[in-house]
Engineer: 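Pasting a structure here, questions to come.
Remember, it's a predicted structure, so these values are computed and weren't measured experimentally.
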Amino acid sequence: MKTFYTATLSVIAMFQANAAEPRVPVFRAVEIDKQVQIGYGVTVADVNGDKKPDIILADKNVIVWYQNPTWEKHIIAEKLTELDNVCVAAADINGDGKAEIAVGAGWNPGDTIGSGAVFYMIPPSDRTQRWEPVKLPHEPTTHRMRWVRNELGKYDLLVVPLHGRGNKNGEGEGVKVQTYRMPADPKESWTITTIDSAQHMTHNFNPLQWDADVANELLLASKEGIYFLGRNGNSWTKKAIARSGEQGFAGAGEVRDGKLKSGSRFIAAIEPMHGNQFVIYSTDKPASDQLWKRHMLDDSLNEGHAVACGDLGSGSDSVVVGWRGKKVGDKVGIKLFTALDAAGSEWKQTPVDDGGMACEDLCLADLNGDGRLDIIASGRATKNVKIYFNEGIK
């Protein structure tokens, strides 16, 4: 069984008067699309094999990719279902240098019986043209998906619905967290495995590389808690990071992992689902089954909906947080949280976008090959896609 390990992370305290200012990067914002309908999901992968990372977007009725470096927009698919697209997964899973893409659609969270759809997209020889959708079996309320490495070092598609089948008001049957293993011919039957079915309202998850083997582990954010799902060969284990009713936890929507200069791991979350709180979890008892310690850094978000962790130039992972607002006209944006010290005992927040991005989703990637992670975000009420190029620490 794999060891669930983290180093000590000190108690979080924000904005102390005597804290030294951290070095933070300067960002240059470039809006590459002003005609997005919702911008449900955004990710980055090399679509056409030119060794430049492209941007892929799941919008309301279309799946598109923006070609690096001109950011020309190409349509992959349109109107896969009568209902909205909701998520997209993209990665080079076969080593040919070009991304494979899957899409979640049929979005209707109020229909826990008949909604949802999962598609694998077969590319044409010219990837700027329309791709062929292959419809796969699915559970209702398909909501999030990612390609994840399995115990063989190959990729499975991991799909997480929002609700369990027939679930009402977040109660009833649990959500089926499932892996899809692709056959040699993607039009043949895929092997589908349920790895967890105990949670309700599982809004998001995060694949991570926790130990030295080839397989990804997972963080899962749900109504009941935040859970670490580890692997033991081809089976899974589960450990609670946070649990409903303890330390003020009332559900989580977004979750990501990060690492500080000291080597300490931390977990970043937005709570509750579509919530106002940005929270970091730490532990100094890695061998125990105790819950991690909860530290709320910010309770001013208005529908927090996106989190990403990465080293933006300080030598320690920072956290990028986005929120979308509940209605048009609400204050929206993206902010950066940077550790003031190697142990993460103090943090500072810095605005990245103050009002110009109603953030539905975001991710980090080095788009221009300068060795610095940039921020890519899609906006719901602002109807846009922006790149925040990391110009380095000035």
Side-chain angles (χ1 to χ4, degrees), residues 32-33 39-59 62-78 80 85-105 117-136 142 144-150 152-159 179-191 206-207 209 214-216 308 310 361-378 385 387 389:
I32 65 169
D33 196 341
Y40 280 105
V42 65
T43 190
V44 171
D46 184 353
V47 175
N48 58 355
D50 65 356
K51 303 187 187 310
K52 294 179 180 140
D54 306 298
I55 297 170
I56 305 102
L57 178 74
D59 203 4
V62 295
I63 306 297
V64 301
W65 66 284
Y66 303 89
Q67 187 171 349
N68 190 344
T70 63
W71 311 116
E72 181 181 358
K73 185 176 181 177
H74 306 292
I75 296 176
I76 291 171
E78 191 168 8
L80 287 168
N85 303 314
V86 69
C87 57
V88 62
D92 176 13
I93 70 172
N94 60 13
D96 68 352
K98 300 175 183 179
E100 281 67 47
I101 293 176
V103 175
V118 175
F119 295 93
Y120 176 73
M121 309 300 298
I122 297 178
S125 56
D126 178 359
R127 288 183 167 222
T128 66
Q129 302 303 305
R130 305 299 175 95
W131 297 34
E132 178 186 355
V134 176
K135 193 169 185 178
L136 304 177
T142 304
R144 292 289 183 265
M145 58 172 53
R146 296 278 293 273
W147 294 104
V148 298
R149 284 194 181 273
N150 60 35
L152 303 175
K154 300 183 181 297
Y155 282 91
D156 295 333
L157 180 67
L158 194 142
V159 181
T179 59
Y180 289 60
R181 187 158 297 183
M182 189 193 301
D185 180 354
K187 294 184 178 181
E188 298 295 327
S189 295
W190 293 46
T191 301
N206 182 46
Q209 197 67 51
V214 295
N216 286 137
D361 196 20
L362 63 78
C363 62
L364 304 179
D366 179 6
L367 294 178
N368 54 10
D370 64 0
R372 297 188 290 262
L373 290 176
D374 308 304
I375 303 169
I376 306 95
S378 56
V385 175
I387 303 168
F389 284 104

Engineer: With a 4.5 Å limit on heavy-atom distance, are the side chains of Ile387 and Ile55 in contact?
Structural biologist: yes
Engineer: What distance separates Lys73 NZ from Tyr66 OH, expressed to the nearest 0.5 Å?
Structural biologist: 4.0 Å
Engineer: Please report the C-alpha distance between Thr179 and Asn150 in whole Å, then the side-chain angles of each, then the deciding distance to 0.1 Å, and finally whether the side chain to side chain contact (heavy atoms under 4.5 Å, CB included) criterion is met.
Structural biologist: CA-CA 9 Å; Thr179 59; Asn150 60 35; over 6 Å; no
Engineer: Suppose we screen for salt bridge (charged side-chain N to carboxylate O under 4.0 Å, His left out). Which residues come up paired with Lys52, at least two apart in sequence or across chains?
Structural biologist: none
Engineer: What verdict does the side chain to side chain contact (heavy atoms under 4.5 Å, CB included) test give for Arg149 and Tyr155, after you've listed the backbone C-alpha separation in whole Å, the side-chain angles of each residue and the deciding distance to 0.1 Å?
Structural biologist: CA-CA 4 Å; Arg149 284 194 181 273; Tyr155 282 91; 3.3 Å; yes
Engineer: Can you name the nearest heavy-atom pair linking Pro183 to Glu188, along with the distance?
Structural biologist: CG-O, 3.7 Å
Engineer: I'd like to know if the side chain of Asn216 reaches the main chain of Pro207, judged simply by a donor and an acceptor atom lying under 3.5 Å from each other, with no hydrogens or angles considered.
Structural biologist: no
Engineer: To the nearest 0.5 Å, what is the distance between OH on Tyr180 and OH on Tyr120?
Structural biologist: 15.0 Å
Engineer: A side-chain contact here means heavy atoms from C-beta on lying under 4.5 Å apart; do Pro186 and Ile122 qualify?
Structural biologist: yes
Engineer: Is the shortest heavy-atom distance from the side chain of Leu157 to the side chain of Val118 under 4.5 Å?
Structural biologist: yes
Engineer: Taking salt bridge (charged side-chain N to carboxylate O under 4.0 Å, His left out) as the definition, give me every residue that meets it alongside Glu72, ordered by chain and number, with sequence neighbours left out.
Structural biologist: none
Engineer: Show the nearest heavy-atom pair for residues Thr43 and Cys363, with the distance to one decimal.
Structural biologist: CA-SG, 4.0 Å
Engineer: Any side-chain heavy-atom pair from Lys98 and Val47 closer than 4.5 angstrom?
Structural biologist: no
Engineer: Has Asp46 got a side-chain atom pairing as donor or acceptor with Lys51's backbone, closer than 3.5 angstrom?
Structural biologist: yes
Engineer: Determine whether Ile375 and Leu364 make a side-chain contact, defined as any pair of heavy atoms from C-beta on separated by less than 4.5 Å.
Structural biologist: yes
Engineer: What are the two closest heavy atoms between Phe119 and Ala105, and how far apart are they?
Structural biologist: CE1-CB, 4.2 Å
Engineer: Do Thr128 and Trp65 touch side chain to side chain, with heavy atoms closer than 4.5 Å?
Structural biologist: yes
Engineer: Find out whether Ile376 and Leu362 are in side-chain contact, i.e. whether some heavy atom of one side chain is under 4.5 Å from a heavy atom of the other.
Structural biologist: no
Engineer: Does the Asn68 side chain pair with the main chain of Asp54, one donor and one acceptor, at a distance under 3.5 Å?
Structural biologist: no
Engineer: If you measure from CG on Asn85 to OG1 on Thr142, what distance do you get to the nearest 0.5 Å?
Structural biologist: 11.5 Å
Engineer: Applying the side chain to side chain donor-acceptor pair (under 3.5 Å) test to His74, which of Arg130, Arg127, Gln67, Gln129 qualifies?
Structural biologist: Gln67
Engineer: Measure the CG-CG distance between Asp33 and Asp59 for me, rounded to the nearest 0.5 Å.
Structural biologist: 8.0 Å
Engineer: Can you list the residues that meet the salt bridge (charged side-chain N to carboxylate O under 4.0 Å, His left out) rule with Asp370, with sequence neighbours excluded?
Structural biologist: Arg372
Engineer: Quick check against the 3.5 Å criterion: does Glu100 have a side-chain atom that pairs as donor or acceptor with the backbone of Ile93?
Structural biologist: yes
Engineer: Any idea how Phe389 and Trp71 line up, ring-wise: parallel (<30°), tilted (30 to 60°), or perpendicular (>60°)?
Structural biologist: tilted
Engineer: For atom NZ of Lys154, decide whether the heavy atoms of other residues, nucleotides or ligands shown that lie under 6.0 angstrom number more than 12.
Structural biologist: no
Engineer: If you measure from CH2 on Trp131 to CG on Leu80, what distance do you get to the nearest 0.5 Å?
Structural biologist: 12.5 Å
Engineer: Indicate yes or no: at least one non-hydrogen side-chain atom of Asp366 is less than 4.5 angstrom from one of Asn368.
Structural biologist: yes
Engineer: With rounding to the nearest 0.5 angstrom, report the CE to CG distance, Met145 to Leu158.
Structural biologist: 9.5 Å
Engineer: Closest heavy-atom contact between Ala365 and Val44?
Structural biologist: CB-CG1, 3.8 Å
